[in-house]
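Data first, discussion second: the structure below is written as structure tokens.
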There are 2 protein chains.
Amino acid sequence: MADICGRADGRFVMAGDSPGRTTYRVVQTEILRRITGGPWGPGTLLPTEEDLAQQFGCARATINRALREIDELGLIDRRRKSGTRVRLAPVRQARFEIPLVRAEVEATGAAYRYSLVHREMPDAPDWLRARLNLAPGAVALHLICMHFADGAPYQLEDRWINITALPQAEDHDFDLQGPNEWLIATVPFSEVEISFEATAAGVAEVTHLNHRSGDPVFHVKRTTWWQGAAITHVGLSYRAGHRMTARY
Amino acid sequence: MADICGRADGRFVMAGDSPGRTTYRVVQTEILRRITGGPWGPGTLLPTEEDLAQQFGCARATINRALREIDELGLIDRRRKSGTRVRLAPVRQARFEIPLVRAEVEATGAAYRYSLVHREMPDAPDWLRARLNLAPGAVALHLICMHFADGAPYQLEDRWINITALPQAEDHDFDLQGPNEWLIATVPFSEVEISFEATAAGVAEVTHLNHRSGDPVFHVKRTTWWQGAAITHVGLSYRAGHRMTARY
DNA sequence: AACATCGTTATGTCTATACATAAGGACCTT
DNA sequence: AAGGTCCTTATGTATAGACATAACGATGTT
């Protein structure tokens, strides 16, 4: 990496700019180093952007960008007039990528297979009507699907689709393609609420995922809106031992 | 919000700038609107930054910032020379804030209480030595703690601390303050790996969380490093019915 | 002491301009 | 057809300079 050389007068010199090493990144790295391991512990008031620009020998806009991104990480607190302060307790946040099941399976090197287990279009049950804000007596498309990894059950999908908002779904054939992939192609930019919990295996999980009744199941519920209208609600049950992992 | 008025010549006029409405935000909102509901569906090649700057009547740097942030959302794909394209399938990502248990409990309006259940300093078991990269025969500080919400069990914490890396931990009194809060104050800027899973209630969960044996438990495992050295590993078991929720 | 006013200051944003850099495409060679 | 060279183009970054805006703190008023 580009070296940063401290000098007696407090100025810094950036040297050896290897490819990919932009000024704001070098500055950012150095500031992060000072915060996380160096002289700028929690609570420290940083020099002003102008001072830092002087010290690093760059424009204030460059310092501003470096600090803005560190702010987005949750490590510092920036306020007009008061200046930039290192947070006492950094705001911890984890980012999870939510992949398609297909991608999730194929990323492990396993072969992916999909199958539609069940399809019907009953009156929407009360809990679903409440969740998707459906009219009384509305019908909804109910799909149960299985996703396999190398032939073994991987995920059970229990999906409801709002036919009023998405009438095309009624005529679509979900035998070959999972509803998720179709939905993403049809309604690409939706709002999502997702939640994770541990549930006990019921009849469906016992039948399709080879769980024993009452076994712990990693379960995801997801509701999707588009332009204010609820489109679909899905429950995903994973095979035994499933984990979600992230770093931050 | 500030209105954007389309004109016959394709130019746009920004009007009615209410407070907080900056140019790049207005531009961003309008571009997002065109992508998510308007003419720029998946696969569309957007005009160049220069063209957009012309159309919106602002500088290219402003367009650049708006597009850069949309890129970070995972909605577009930007490439030099090729230009900016709307992703066929947006990259879905959820952000979870990882709060302190105390904050988590108090956010629900409940009163928080902490208690130390158990403290010892045995030889580190093999699985822990592997995880924290400890020397053979190393000892580790083992703490079991409970977190209560309005007097009811909320979370069981089973923590191991690397005494070699953090010798202060041995002398600290964890009777009043949870190890998490102490660690955050002591080692504020650490790297973390976190994972979620569904496990079956064991003896500890039955004893402290009132689960029945084998009940599903929402379980979190977290390992923390600082400057390359593993500091601590913790397992968190939640009371029945716990959920983690996010929107994106 | 409580409160309103106002100047100062550090960050927030915007602009015009410049140069850097990745990469598509045309052209030429083998 | 396959491969290499060079030109062109759109994004990526950096800059100086300017004005906007939130908010601390001092000053004056009730």
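Every value quoted in this text rests on a predicted model; they were computed, and no experiment measured them. Per chain, numbering begins at 1; letters A, B, ... match sequence-line order.
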Taking atom types as modelled and ignoring hydrogens, do the side chains of [X] and [Y] form a donor-acceptor contact shorter than 3.5 angstrom?
{"X": "B/Glu104", "Y": "B/Tyr154", "result": "yes"}
{"X": "A/Arg92", "Y": "B/Ser190", "result": "yes"}
{"X": "A/His147", "Y": "A/Tyr112", "result": "yes"}

Select one nucleotide: of [options], the one nearest the side-chain heavy atoms of [X].
{"X": "A/Thr23", "options": "D/dA14, D/dT15, D/dC24", "answer": "D/dA14"}
{"X": "A/Thr84", "options": "C/dA22, D/dT11, C/dT11", "answer": "C/dT11"}
{"X": "B/Lys81", "options": "C/dA23, D/dA16, D/dT13", "answer": "C/dA23"}

- Query: What about A/Arg60, does its side chain sit under 3.5 Å from the base of D/dG17 through a donor-acceptor pair?
  - Reply: no

- Query: So does A/Arg80 reach the base of D/dT21 with its side chain, donor to acceptor, closer than 3.5 Å?
  - Reply: yes

- Message: So that I can tick it off, tell me whether B/Arg78 and B/Asp71 are bridged by a salt bridge, with the cut-off set at under 4.0 angstrom between side-chain N and carboxylate O.
- Response: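 A salt bridge is absent here (no side-chain N lies under 4.0 Å from a carboxylate O).
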
Nucleotide [N], atom [atom2] - distance to [atom1] of [X] in whole Å:
{"X": "B/Arg78", "N": "C/dA22", "atom1": "CZ", "atom2": "C1'", "answer": "14 Å"}
{"X": "A/Gln28", "N": "D/dA14", "atom1": "CD", "atom2": "C1'", "answer": "15 Å"}
{"X": "B/Glu49", "N": "C/dA16", "atom1": "CD", "atom2": "C1'", "answer": "15 Å"}
{"X": "B/Ile63", "N": "C/dT13", "atom1": "CD1", "atom2": "P", "answer": "15 Å"}
{"X": "A/Asp71", "N": "C/dT13", "atom1": "CG", "atom2": "P", "answer": "11 Å"}
{"X": "A/Asp77", "N": "D/dA22", "atom1": "CG", "atom2": "P", "answer": "16 Å"}
{"X": "B/Arg25", "N": "D/dA20", "atom1": "CZ", "atom2": "C1'", "answer": "15 Å"}
{"X": "B/Arg21", "N": "C/dG12", "atom1": "CZ", "atom2": "P", "answer": "18 Å"}

Closer than 4.0 Å, any side-chain N/O of [X] to the OP1 or OP2 of [N]?
{"X": "B/Arg79", "N": "D/dA10", "value": "no"}
{"X": "B/Asn64", "N": "D/dT11", "value": "no"}
{"X": "B/Ser82", "N": "C/dA22", "value": "no"}
{"X": "A/Arg68", "N": "C/dG12", "value": "no"}
{"X": "A/Thr62", "N": "D/dT13", "value": "no"}
{"X": "B/Arg65", "N": "C/dT13", "value": "yes"}
{"X": "A/Thr48", "N": "C/dT9", "value": "no"}

- Just say parallel, tilted or perpendicular for the rings of B/Phe196 and A/Phe196, cut-offs at 30° and 60°.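 Geometry flag for A/Phe196 against B/Phe196: parallel rings.
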
- Query: Counting only heavy atoms not in A/Glu50, do more than 12 fall under 6.0 Å of its CD?
  - Reply: no

- Item | Residue whose nearest DNA chain D nucleotide is more 5′ - A/Tyr24 or B/Pro47 |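 Its nucleotide being nearer the 5' end, the pick is B/Pro47.
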
